[in-house]
Amino acid sequence: MNPHVPLDATHDPALRSWVASANDGATDFPIQNLPYARARRAGSDEAWRIVVAIGDLALDLAAAVQTTDHTDAQAAALAPLARGDLNAFMARGPADWQLVRASLSRALATGSPVEAALAPCLIAQSALEFALPCTVGDYTDFYTGIHHATTVGKLFRPDNPLLPNYQWVPIGYHGRASSIGVSGQTVRRPAGQTMPPGSTTPQFGPCKRLDYELELGLLVGTANALGEPVPIEQAESHLFGVVLLNDWSARDVQAWEYQPLGPFLAKNFATTVSPWVVTMAALAPFRVPFTRPEGDPQPLPYLDSAANRAAGAIDIALEVQLETSAMANAGEPPVTLSTSRWPDAAYWTAAQLVAHHTVGGCNLQAGDLLGTGTLSGPSPDQAGSLLELSMGGKAPVTLPNGEQRTFLADGDRVVLRGRCTASGAVGLGFGDCSGRVAG
Ligand code: MN
C-alpha cells in the first residue's frame, strides 16, 4: 500500500457510477480511476479544458464546477481545473488532489444527488481531441529497465553490456520538452548523421533504424526549492500521476552520437505521451514490494526506505501494438509485439527517481516529466523496443500478415497500452498512447 495515499472510499471495489459504461469491468476508466486530460470538441476552436474520464465519457470540469455549490476549500482546489490549468492544480499538492478526487467520486457514484446537474457536462471521449495534459517544463529520461540496458549494452558493447554504475545510480539524461506530443500524433522520420559499419566517413540522410521505446512517464506535481533535496520518504508526495510514454529513437543516429555524452538528436525529435494522467492515488491498490535480485547491491541510504521496500513498485501490465499501413488498409487490427510489467522491468522505483534527481539540489517543478526508460521484461519476447526484438536488426519480426520489421517503416502506427489488475480492486487502464510514422 502506498504510504502517501491510503486506500479510501474512492477505491472501494463495490463503488459503481451512474455512467453505465464505467461499470462494465473492461473499461480503462471505472469510477475508481478518474484520470485527467486536457481536451476540446474535435475540430472546434473551443478553449482547451480539463476533463475527467468516466467510462467512455469525459466530464468537462469547466462546466461541472458551475453546476453545484462548493466549500471554500473545494472551490480553491477546483479553480485551476475550471480554467484549464492542470499545472496549477498539480502544484497545489496532495491535500487538494485528494479533496477533488473524493468530490468527483461522490459526484459520479450511483445515487449521487448531482447526477441530473452533471449529466449535461459529459462529452463522448470519441468526440474529443486532446492536447498535452499539462505544460512540460523539463523532461528527464531515465534508464531503469535493466533487461533493456543489458540487451542494448550487449549490442553496443558485446564484452561490457552493463556498466558498473548501473546497480548504484539511477542512470538518466536530460531530454527535450519542446518535442513532446500527445497520442494521435504523426512523427516525421528524422534525418541525421550515421556511421555505416566498416566505414570511416559518416553519411547524412533519413534515419534507417527508427524505433519506439515502451516507457511510463511520471508527472511531477509539487515543486522542491533549488538546493533542497527531496528525501525518499517524501518523494511520492511530489508525484501527481503516470502516463504512457513512447520515446521514439533513431538507433543509427544514436549509435554514432551517444559517446561520450549520451543521447542527443537520436531522441529529441519526438516523444509521445498518452492524454490521460492516471493519478498516483488511483494506482494505490496496485502497489507491490520493491525487490532486488539476490546478490545485487542494496541501494545507498538516500535511495532506500522501509516504505519503498514494502510497496515502492506499482504493478502495471504494459503492451506494445503495431499497425502497418497495409494492415490499416486491409482493416486488420493492430498486433501485439510484446508485453511486460513495470516491476519486472525496472531496477528503480518512482520514489527513487525523485530522490536521486533532486539529491544534488536540482529543483523539480509542476509538470516536469520523468521517463522510466524502456520497460523490457526479463524474457526476449518481452522487449520494449524493436532494437531488442530484432536483435539489433539481425532477426526480423514477422507479422501475422507476412510483413517483416527490423525497425519502423513509414506509415507504421505504434500503440502503447497499460492496465492494472489486483485481487480486491477494480481493474483500470491508461487509454491509448498512439503515434504514426509519417508516410
Ligand atoms: Mn528512452
Side-chain angles (χ1 to χ4, degrees), residues 136 138-157 161-163 165-166 169-183 185 187 190 192 207 209-220 242-259 261-274 316 318-320 337-338 340 342 344-350 352-353 356-357 368-377 382-390 392 407-408 414-416 418 430 433-435 437:
V136 178
D138 274 302
Y139 163 47
T140 300
D141 199 22
F142 282 95
Y143 198 51
T144 69
I146 189 168
H147 309 294
H148 171 76
T150 304
T151 305
V152 172
K154 270 182 200 154
L155 293 169
F156 284 45
R157 297 175 304 274
L162 203 60
L163 296 172
N165 58 5
Y166 191 87
V169 179
I171 302 294
Y173 65 96
H174 286 120
R176 184 75 196 167
S178 65
S179 52
I180 298 171
V182 73
S183 180
Q185 76 172 151
V187 172
C207 161
R209 296 186 150 214
L210 184 59
D211 202 357
Y212 59 83
E213 289 189 337
L214 168 63
E215 303 196 20
L216 290 164
L218 311 171
L219 275 174
V220 173
V242 181
V243 292
L244 301 167
L245 186 153
N246 181 351
D247 179 21
W248 302 91
S249 298
R251 300 301 184 191
D252 42 0
V253 176
Q254 185 180 355
W256 172 228
E257 76 171 9
Y258 89 106
Q259 294 191 93
L261 284 185
F264 188 33
L265 306 193
K267 302 279 192 172
N268 75 356
F269 59 96
T271 305
T272 306
V273 298
S274 53
I316 302 177
L318 299 163
E319 179 177 10
V320 183
L337 289 181
S338 70
S340 65
W342 190 9
D344 295 344
Y347 202 70
W348 303 97
T349 64
Q352 288 169 325
L353 300 189
H356 183 69
H357 204 300
D368 283 0
L369 180 66
L370 312 181
T372 57
T374 308
L375 296 174
S376 301
Q382 295 176 317
S385 70
L386 276 173
L387 178 69
E388 296 159 86
L389 286 177
S390 73
F407 294 95
L408 294 170
V414 177
V415 184
L416 310 184
F430 287 72
C433 177
S434 152
V437 182

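Counting convention: from 1, in listed order, for ligands and their atoms alike. Hydrogens, waters and symmetry mates are skipped; everything else that's a heavy atom, side chains included, is used.
- For E213 atom OE1 and D141 atom OD2, the angle they make at the Mn ion (ligand 1) is roughly 160°, to 10 degrees.
- When the N, O or S atoms of E215 are ranked by distance to the Mn ion (ligand 1), OE2 comes first.
- Put simply, the side chain of F407 reaches to within 4.5 Å of the side chain of L387, judged on heavy atoms.
- Looking only at side-chain heavy atoms (C-beta outward), V187 and V437 stay at 4.5 Å or farther from each other.
- Atom OD2 is the N, O or S atom of D247 at the shortest distance from the Mn ion (ligand 1).
- Checked by atom type and distance alone, the side chain of S340 pairs as donor or acceptor with a backbone atom of L375 at under 3.5 Å.
- Under the 4.5 Å side-chain criterion, counting only non-hydrogen atoms from C-beta, D247 is not in contact with T374.
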